[in-house]
Amino acid sequence: MPELPEVETTRRGIAPHVIGRTIRDAVIRNRRLRWPITHGLATRLRGRQVQAVERRGKYLLLRCDCGTLILHLGMSGSLRLVDAAAAVGKHDHFDLLFDTGMALRLTDPRRFGAVLWTADEPAQHPLLRDLGPEPLTAEFDGAYLFARSRGRKTAIKQFIMDGKVVVGVGNIYANEALFRVGIHPARAAGRLSHERCQRLAAAIEEVLREAIAQGGTTLRDFVGGDGKPGYFAQRLRVYDRAGEPCPVCGTAIKQLRQGQRSTYYCPHCQR
DNA sequence: ACGAAGCCCTGCAAGC
DNA sequence: TGCTTGCAGGGCTTCG
């Protein structure tokens, strides 16, 4: 569910409510997420003050006074600020209770998400250490994409979804970015010209920025930290539109599978 | 090193 | 009305 824009929307939604606040307690109702929530976590968190809420790829980082809480929303996770006394749902696995009487609640039906603690610099954590550049920074551009893709036979769509190449580009936005620049999703990454790499890097940045500005994409029931839905879904041009006419040329949008993920593209516009 | 596939898990829609 | 099947926004891990 959450791609980079949704995680960023969540970060912006929760940051003003938790920065400077003290964690009174942590409630773990189901520790079986992607990796089990460690037993000592609540003890570690009690009394900690949140100093910053950052994002690295799709990981959210709650920097505290003596360590960092690393959160990932997986495929179906969401974070909401609720009243600490709010009714608890079936998939509300984890709460951070603050001195304000509010709780930061992690809901994640599929439990692909994660809640981890690190006392060290989070960038050195094994899960974050090998991640590629952020797509919305100067580090990521056409020259980088070109250089990284040389010699790679992987389909360009899977290439840009690889977190070691660039973080935060999930299935929806990979599809949308490739459509915008007319690149066929199955084209070998290493065969893209420098020119096309530049356009693609720009399109990835553009689609992510637009989605963030719209508050993310709402599919099923995604909501940002402030509880408001995102509005980018109505702007999607090919994602989940198999059989519908291409908004540019009218040709029926096609669907194929790449690495167990659905790909949508216009067979006329994308080469 | 790369590349493809498997797997973690629940919910929902479609088909019979 | 039920059942079964396949698919869903991610990404680590394993195997060749």
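Throughout, protein chains are lettered first and strands after them, A, B, ... in sequence-line order, and every chain is numbered starting at 1.
- Comparing the P positions of C:dT14 and B:dC9 gives an interatomic distance of 16 Å, to the nearest angstrom.
- Taking the six-membered ring where the residue is Trp, A:Y239 and A:Y264 present perpendicular rings, their angle passing 60° and hence far from 30°.
- Within 4.0 Å (heavy atoms only), A:Y59 reaches sugar-phosphate atoms of the nucleic acid but no base atom.
- Between A:Q255 and A:G259, the residue anchored nearer the 5' end of DNA chain C, judged by the nucleotide with its closest heavy atom, is A:Q255.
- Side chains of A:T22 and A:Q49: a donor-acceptor N/O pair is absent below 3.5 angstrom, by distance only.
- The shortest distance between the side-chain N/O atoms of A:R110 and the OP1/OP2 oxygens of B:dC7 is not below 4.0 Å.
- Not a single donor-acceptor pair, N or O on each side, falls under 3.5 Å between the base of B:dC9 and the side chain of A:R111.
- Listed nucleotides: C:dT13, C:dG9, B:dG11. Nearest to the side chain of A:W35: C:dT13.
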Compile the donor-acceptor pairs under 3.5 Å between side chains in residues 116-123 of chain A and protein atoms, sequence neighbours left out, one pair per line.
unit_1 : atom_1 : unit_2 : atom_2 : d
A:T118 : OG1    : A:D120 : N      : 3.2
A:E121 : OE1    : A:R63  : NH1    : 3.4
A:E121 : OE2    : A:R63  : NH2    : 3.1

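- Side-chain contact annotation: A:R148 with A:Y144, donor-acceptor N/O pair under 3.5 Å present.
- Looking at residues 143-153 of chain A, you'll see A:R152, A:K153 sit with a heavy atom under 4.0 Å from some atom of DNA chain B.
- Of the residues in residues 86-95 of chain A, those with a non-hydrogen atom less than 4.0 angstrom from any atom of DNA chain B are A:K90, A:H91.
- The stretch residues 116-131 of chain A does not touch DNA chain B, since none of its heavy atoms comes less than 4.0 Å from the strand.
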Donor-acceptor pairs under 3.5 angstrom involving side-chain atoms of residues 126-133 of chain A: please list them, not counting sequence neighbours.
none

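- Scanning for side-chain contact (heavy atoms from CB on, under 4.5 Å) contacts around A:R29 gives A:V27, A:V88, A:D92, A:D95, A:R105, with sequence neighbours left out.
- Cation-pi geometry between A:R150 and A:F146 is satisfied (NZ or CZ under 6.0 Å from the ring centre, within 45° of the ring normal).
- Secondary-structure stems of DNA chain C, taken as three or more successive Watson-Crick or G-U wobble pairs (i with j, i+1 with j-1) under a 3.5 Å distance threshold, comprise B:2-8 with C:10-16, B:10-16 with C:2-8.
- A:P247 meets the side-chain contact (heavy atoms from CB on, under 4.5 Å) test with A:F179, A:R237; sequence neighbours excluded.
- Toward the 5′ end of DNA chain C lies the nearest nucleotide of A:Y264, the other residue of the pair A:Y264 and A:H72 mapping further downstream.
- Looking at every heavy atom in both residues, A:L4 comes nearest to A:R55 through CD1-NH1, 3.2 Å.
- Listed pair A:S76 / B:dT10 fails the phosphate criterion, with no side-chain N or O lying under 4.0 Å from OP1 or OP2.
- A:H93 is linked by a side-chain contact (heavy atoms from CB on, under 4.5 Å) to A:N30, A:L33, A:H91, A:D108, A:R111, counting only residues two or more places apart in sequence or in another chain.
- At a threshold of 4.0 angstrom between heavy atoms, the contacts of A:Q158 with the nucleic acid are absent.
- The ring pair (Phe, Tyr, Trp, His ring centres under 6.0 Å) test applied to A:F94 returns no partner, not counting sequence neighbours.
- The backbone N or O of A:G20 sits nowhere less than 3.5 Å from a side-chain atom of A:Q51 that would complete a donor-acceptor pair.
- Note: CD1 (A:I156) to P (B:dC2) measures 15 Å, nearest angstrom.
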Below 3.5 Å, can you tabulate the donor-acceptor pairs from side chains in residues 203-211 of chain A to any protein atom, sequence neighbours excluded?
unit_1 : atom_1 : unit_2 : atom_2 : d
A:E205 : OE2    : A:R209 : NE     : 3.2
A:E205 : OE2    : A:R209 : NH2    : 3.3
A:E206 : OE1    : A:R180 : NH1    : 2.8
A:E210 : OE1    : A:R180 : NH2    : 3.0
A:E210 : OE2    : A:R180 : NH1    : 3.0

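- The salt bridge (charged side-chain N to carboxylate O under 4.0 Å, His left out) contacts involving residues 254-271 of chain A comprise nothing, where partners must be two or more places apart or lie in separate chains.
- Distance check on atom C1': B:dG3 versus C:dG9 gives 23 Å, rounded to whole Å.
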